[in-house]
Amino acid sequence: MTLEYTGANWNIPEDDFTQSFYEQNLSQFWRPEDISLQPDLNVWHVLPEEVKLAYAQNLQVLTFLDTYQGDIGMPVVSRAMAKEFHQRKAVLNFMGAMENAVHAKSYSNIFMTYMSNSEIDELFVWGEENENLQKILEAIVKHYRNLDKMTYERNYTMNGAFDSKAFDKALYKAMVASVFLESWLFYSGFYYPLWFYGQGKLMQAGEIINLILRDESIHGLYVGRLSTLLLETMTSDEKEEMKQFTHDLLYELYELEIALIEEIYDPVDLSHDVKIFVRYNANKALMNLAYEPVFEYEEVNPVVLNGLNTETKTMDNFSMKGNGYQKMISEALRDDDFYFEKPSIGKK
Ligand code: MN3
Ligand code: MN3
């Protein structure tokens with residue numbers, strides 16, 4: 001009898017990094033409702049319209065990326081793991097749950113606090129109709145869909161007709177797309193909230209962005225580690241082919257990113273700066289995939305680095321920076337929360 005079903009046995013590590021990522025992921029768990037956004041409103045309400053629009057459009061881009069990373073990106077990579085890798089699947093599934101249940105939800109919380117219903121509706125229409133954003137998603141999600149299809153074939157094709165080489169390539173490509181999304185594409189959107197945060201403005205939204213950023217950085221690292229393990233199993237010709245694929249996808253995405261950045265950031269005169277930040281993070285994504293950087297080193301705006309650097313935050317009474325985020329105050333439901341006075345109608 002062949003062993004069809006196996007249980008997750010955490011007593012035997014599957015590799016030397018997955019359990020550490022498990023610990024790290026769970027220790028940094030947070031909830032969107034932990035952060036009250038009300039303190040940002042006095043700043044938000046006095047911002048010029050074009051600034052509000054650029055800010056909201058960036059969060060909309062982030063919403064789309066997180067939505068698809070949660071809906072398909074992480075789940076598909078998890079399902080593609082060989083069936084005995086229960087721990088890896090658990091870590092990937094946890095990450096996938098963070099994407100739409102926590103990250104995408106947080107952007108909506110920001111919208112719901114800062115904006116009216118009709119402004120939110122309009123913003124989503126902008127995202128749905130934005131050609132560059134749609135093309136960026138297509139360039140990423142098509143690799144997830146292809147892997148999804150091949151995973152299905154692997155699991156359900158009879159008589160050994162399944163091509164495992166082609167499967168590994170599809171898996172590798174989906175992982176490259178995933179690392180590009182996590183470690184790179186998010187950063188054009190992160191730039192603006194960090195730019196405000198670095199100046200002590202819109203601090204609560206900035207705290208949310210920093211929490212998301214902290215998650216995305218370990219997501220990109222983890223999938224990057226898995227991708228290099230897979231690459232090591234390939235022949236030198238295949239490795240060369242995968243490297244070529246990675247660079248082709250990078251330049252395809254870079255062109256689309258530049259167009260999207262100009263559309264969002266030209267009205268607030270920050271495109272030049274954002275492009276530097278995006279090249280800087282493209283290099284970091286390549287490093288997570290164990291490739292050499294392709295863009296020349298450039299100085300990133302120190303205000304944005306200041307917004308990024310959560311570890312060295314010091315107390316600053318003028319900017320509010322260093323206070324950490326203000327948690328939403330909530331109390332547990334009690335029985336009397338459900339006690340309503342009986343209607344007195346008909347009583348004497
Ligand atoms: Mn995310
Ligand atoms: Mn992520």
Side-chain angles (χ1 to χ4, degrees), residues 17-18 20-35 57-81 88-111 127 133 136-137 139-141 143-144 147-148 171 173-194 197 205-227 249 253 257 278 281-282 284-289 308 310 325:
F17 57 92
T18 292
S20 316
F21 275 96
Y22 167 84
E23 291 295 337
Q24 188 59 38
N25 270 280
L26 270 80
S27 71
Q28 63 187 53
F29 175 75
W30 57 285
R31 299 176 309 163
E33 281 68 30
D34 285 342
I35 298 126
Q57 286 175 340
N58 276 310
L59 296 192
Q60 180 69 347
V61 170
L62 295 172
T63 299
F64 273 61
L65 294 174
D66 259 317
T67 301
Y68 285 90
Q69 194 65 349
D71 284 0
I72 178 167
M74 284 295 183
V76 162
V77 172
S78 167
R79 283 199 295 277
M81 292 290 111
R88 290 183 187 176
K89 287 170 187 283
V91 172
L92 291 162
N93 287 337
F94 186 90
M95 291 173 174
M98 291 303 286
E99 311 292 13
N100 42 13
V102 178
H103 301 169
K105 174 69 163 51
S106 297
Y107 304 127
S108 277
N109 283 1
I110 297 175
F111 299 147
L133 178 55
I136 288 170
L137 284 161
I140 296 288
V141 173
H143 296 292
Y144 297 158
L147 177 61
D148 202 15
L171 174 56
K173 289 176 179 180
M175 285 175 168
V176 169
S178 178
V179 172
F180 279 167
L181 186 153
E182 299 276 1
S183 306
W184 176 29
L185 301 183
F186 276 127
Y187 284 81
S188 69
F190 288 156
Y191 179 95
Y192 212 24
L194 293 174
Y197 188 82
E207 293 288 354
I208 288 178
I209 296 300
N210 266 308
L211 289 168
I212 293 174
L213 215 147
R214 187 179 68 173
D215 291 341
E216 307 306 9
S217 79
I218 58 169
H219 297 175
L221 271 176
Y222 184 63
V223 176
R225 284 293 290 272
L226 293 175
S227 79
L249 182 59
L253 288 168
E257 276 281 297
V278 159
N281 287 293
K284 280 176 56 182
L286 285 169
M287 279 165 57
N288 283 349
L289 293 163
L308 249 180
T310 49
Y325 60 82

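Every number for a ligand or one of its atoms is a count from 1 in the order of the listing.
Legend: residues meeting salt bridge (charged side-chain N to carboxylate O under 4.0 Å, His left out) with Asp148, ordered by chain and number and at least two apart, are Arg79. Looking at residues two or more places apart in sequence or on another chain, you find a side-chain contact (heavy atoms from CB on, under 4.5 Å) between Tyr68 and Ile72, Leu137, Val141. Checked against side-chain contact (heavy atoms from CB on, under 4.5 Å), Ser227 has the following partners two or more places apart in sequence or in another chain: Tyr172, Met175, Leu289.
Summarising the geometry of Gly189 relative to Asn58, their closest heavy-atom pair is CA-OD1, 3.6 Å, with the distance given to 0.1 Å.
Neighbouring protein atoms of the Mn ion (ligand 1) (N, O or S, distance under 2.8 Å, waters ignored): Asp66 OD1, Glu99 OE1, His103 ND1, Glu216 OE2.
Side-chain contact check for Ile136 versus Phe64: every heavy-atom pair is 4.5 Å or farther apart.
One distance of note links CD1 of Ile218 with CD of Glu182; it measures 10.0 Å at 0.5 Å rounding.
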